[in-house]
Protein chains: 2
Amino acid sequence: MVRRLESRSPLAEGEREALLGLQQSIRKVAAGAHLVRDGEPPEQCALLLSGFAYRYKITGDGARQIVSLHIAGEFVDLQNSFLSISDHSVQTLTAAEVAFVPLQAIRDITFAYPAIARAMWIDTLVDASIFREWVVNVGRRDSRARVAHILCEFSLRLEEGGLAREHRYELPMTQEQLADAVGLTSVHVNRVLRQLGEEGLISRDRRSITIQDWQRLRDAGDFNERYLHHDGEAIVRS
Amino acid sequence: MVRRLESRSPLAEGEREALLGLQQSIRKVAAGAHLVRDGEPPEQCALLLSGFAYRYKITGDGARQIVSLHIAGEFVDLQNSFLSISDHSVQTLTAAEVAFVPLQAIRDITFAYPAIARAMWIDTLVDASIFREWVVNVGRRDSRARVAHILCEFSLRLEEGGLAREHRYELPMTQEQLADAVGLTSVHVNRVLRQLGEEGLISRDRRSITIQDWQRLRDAGDFNERYLHHDGEAIVRS
DNA sequence: CGATCCTTTGATATGTTTCAAGCTTAGTGG
DNA sequence: CCACTAAGCTTGAAACATATCAAAGGATCG
């Protein structure tokens, strides 16, 4: 599990063992549970073993902006691991299994094993790349493109994680949550989804999404997967 | 110079020397020069010694979104340092002095000195925190709040860098660039700036900004500096 | 001092939100 | 297992914020 994530960057030998030996407690948490709370000092670093979670911030007038979505196999919390106060919250979207590792253990292991530090660092750099793309999505694309873009992103990430096949996947988000991820209203997201359906780009059944025409959805969403840095090629070797 | 940046996290002894000994070439570059180009493999890591730069992406229909602004003393390029293809471009805003360090040297030094790796990692985590805040800014705040927010952010960051005093600073951006940073039109940014002026929150003279009423601008921009992680307290010690 | 880039302003167009209501689905307790 | 309830989805009509278009006025730099 842990290793799967680290496969982005060159794995070492003894380091895997160190990773596997990390002190951890595995817990099942309910949907809607908070893994990180804005304003509190992080104490644990959560790794999602199953389920979904999202990262969000609340504005002064109560609006929510979701700034990222996380799927099984991802570290939810390296972003906070060296900052003493969280600047955002993380909440589960579904019931989930989570491995909690004490932050101190993360700090120790990264200090002792440069290759592990590097792998985790790279993981946070990829997160940052996705944040940048989301700034663009929300800042410069119209509603149709925003929704199409995020559907493309989820499709690729879920397939990479083995959670989708053939451009079909379960997306356990309400339309309101989707709206909060793309900076729109749930009402408008609903209209856009309908429109994408009518155009034959996607079809939906409850929370399940099927991308019927990948190429056209990709175009509609101005989607280029480079920012996901998925291909092993995208990562440095030395 | 280099050390100043590293002061976020615990400085070590021999490590400073290693940092200062980094192979580098210092060059003056003109305004508008590219330090990083989208789609190309990064080869150097640029540290801004003076001047300003911004990070941006272009959408399929040619719109630009600026995803971050960088000021003297900041690493422009750690974000790419372990990814083999850049997912965005970086361009100078003004004439600037830049120290270029070969990426390989960065990779080597971070492998050899865990404390340096950690300091740089933290630097990229703070960048990521700012990206998140920008997602919120552009996704969930109206035009007035967006502009007010970014003016607050610049004020604090410039003061932190010794480039502003008393809430007064030079902001070497055109209104079009500002617009591309907040996801609006330059026309609309102009109107908002005028309005903020009329309300007595700011005053402008050419490219110089004076925040006349910090508290009210802060409120208008829904600004909370926590995400900047400026206070040394915000960083981990062990 | 001429030319170009930037700023400013007005009028109109448009995309998205807001408000409101009806409908469907999933969950819960009797 | 059905009935009830709450949550989420869907749709329409009107309001509003921001974009677009257009043109004039300033500033800056050879």
Side-chain angles (χ1 to χ4, degrees), chain A residues 30-32 54 59 61-66 91 93-95 137-151 170-198 202-209 220-222, chain B residues 30-32 54 59 61-66 91 93-95 137-151 170-198 202-209 220-222:
Chain A
Y54 64 98
T59 65
D61 48 301
R64 174 178 62 179
Q65 175 70 42
I66 293 179
Q91 195 171 18
L93 205 47
T94 59
N137 203 38
V138 139
R140 281 288 178 244
R141 290 201 260 257
D142 67 17
S143 58
R144 181 165 172 272
R146 283 188 214 184
V147 173
H149 189 280
I150 210 171
L151 292 178
E170 250 357 89
L171 185 66
M173 300 176 85
T174 65
Q175 292 181 2
E176 190 169 353
Q177 288 163 335
L178 240 188
D180 286 344
V182 294
L184 296 169
T185 302
S186 63
V187 171
H188 202 61
V189 162
N190 181 277
R191 295 192 227 272
V192 171
L193 286 172
R194 169 160 58 105
Q195 194 204 341
L196 291 174
E198 286 167 355
I202 63 170
S203 68
R204 297 175 290 147
D205 180 30
R206 293 131 184 270
R207 300 275 166 86
S208 143
I209 302 282
D222 183 29
Chain B
Y54 63 98
T59 66
D61 48 300
R64 174 177 61 180
Q65 175 70 42
I66 293 178
Q91 194 172 19
L93 205 47
T94 59
N137 202 37
V138 139
R140 281 287 179 245
R141 289 200 260 258
D142 67 17
S143 59
R144 179 164 173 274
R146 283 188 213 183
V147 173
H149 189 280
I150 210 172
L151 292 178
E170 247 0 87
L171 184 65
M173 300 177 86
T174 65
Q175 293 180 3
E176 189 168 355
Q177 289 162 335
L178 240 188
D180 285 343
V182 293
L184 296 170
T185 301
S186 63
V187 171
H188 202 63
V189 163
N190 181 277
R191 296 193 227 270
V192 170
L193 286 172
R194 170 162 55 106
Q195 194 203 340
L196 291 174
E198 286 167 356
I202 64 170
S203 69
R204 296 175 291 147
D205 180 30
R206 289 127 186 272
R207 300 276 167 84
S208 142
I209 302 282
D222 183 29

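Values reported hereafter were calculated over all heavy atoms of this structure, with side chains retained and with hydrogens, waters and symmetry mates removed. Note on naming: letters A, B, ... go to the chains in the order of the sequence lines (proteins, then strands), and numbering restarts at 1 for each one.
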(request) Send over the distance from B/Arg141 CZ to C/dT17 P, rounded to a whole Å. (result) 17 Å
(message) From CG of B/Asp205 over to C1' of C/dC6, roughly how many Å is that when rounded to an integer?
(response) 15 Å
(message) By the 4.0 Å heavy-atom rule, please label A/Arg204 as base, sugar-phosphate, or nothing.
(response) sugar-phosphate
(request) Would you indicate whether the side-chain heavy atoms of B/Ile202 and B/Leu193 approach each other to under 4.5 Å? (result) yes
(message) For chain B and DNA chain D, what are the first and last nucleotides along the strand, 5' to 3', with at least one atom under 4.0 angstrom from a heavy atom of the protein chain?
(response) D/dT18 to D/dT28
(request) Rounded to the nearest 0.5 Å, what's the gap from CZ on A/Arg144 to CD on A/Gln195? Could you check? (result) 5.5 Å
(request) Starting at atom CD of A/Gln175, determine the distance to atom P of C/dT16, rounded to an integer number of angstrom. (result) 16 Å
(message) I need the B/Arg204 CZ to B/Arg194 CZ distance, nearest 0.5 Å.
(response) 9.5 Å
(message) Using side-chain contact (heavy atoms from CB on, under 4.5 Å), reason through A/Val182 and A/Val192 one step at a time and then give a plain yes or no.
(response) CA-CA 12 Å; A/Val182 294; A/Val192 171; over 6 Å; no
(message) Measuring to OP1 and OP2 of C/dT16, would you say a side-chain N or O of A/Ser143 lies under 4.0 angstrom away?
(response) yes
(message) Taking 4.0 Å as the cut-off, does a side-chain nitrogen or oxygen of B/Arg191 come that near to OP1 or OP2 on C/dT8?
(response) no
(request) Mind calculating the distance between CZ (A/Arg140) and P (C/dT16) to the nearest angstrom? (result) 13 Å
(message) Please tell me if B/Asn190 has a side-chain N or O lying less than 4.0 Å from either OP1 or OP2 of C/dT7.
(response) no
(request) To the nearest Å, give me how far apart NE2 (B/His188) and P (C/dA11) are. (result) 17 Å
(request) Compare every heavy atom of B/Ile150 with every heavy atom of B/Ala181, then report the nearest pair and how far apart it is. (result) CB-CD1, 3.8 Å
(request) Flag the pair B/Gln177 / B/Arg64 as yes when at least one side-chain heavy-atom distance between them is below 4.5 Å, and no otherwise. (result) yes
(request) Would you mind telling me which residue lines up with the more 5' stretch of DNA chain C, A/Asp142 or A/Arg206, judged by nearest nucleotide? (result) A/Asp142
(message) If you only use heavy atoms from C-beta on, which nucleotide in C/dA26, C/dA20, C/dT16 is closest to the side chain of A/Val187?
(response) C/dA20
(message) Could you check whether any side-chain heavy atom of B/Arg140 comes within less than 4.5 Å of a side-chain heavy atom of A/Asp61, counting everything from C-beta outward?
(response) no
(message) So if I take the C1' atoms of five pairs at each end of the helix from C/dC1-D/dG30 to C/dA21-D/dT10 and get each local axis, what angle do the two axes make, rounded to 10 degrees?
(response) 50°
(message) How long is the straight-line distance from CG of A/Asp180 back to OH of A/Tyr54, given to the nearest 0.5 Å?
(response) 8.0 Å
(request) Look at all strands and tell whether A/Thr174 reaches a base, only sugar-phosphate, or nothing, counting heavy atoms closer than 4.0 Å. (result) sugar-phosphate
(request) Determine, stepwise, if the pair B/Arg207 / B/Thr174 fulfils side-chain contact (heavy atoms from CB on, under 4.5 Å). (result) CA-CA 8 Å; B/Arg207 300 276 167 84; B/Thr174 65; 3.6 Å; yes
(request) Using whole Å, report how far CE of B/Met173 lies from P of C/dT7. (result) 11 Å
(message) Does A/Arg207 reach a base, just sugar-phosphate, or nothing at all? Heavy atoms under 4.0 Å.
(response) sugar-phosphate
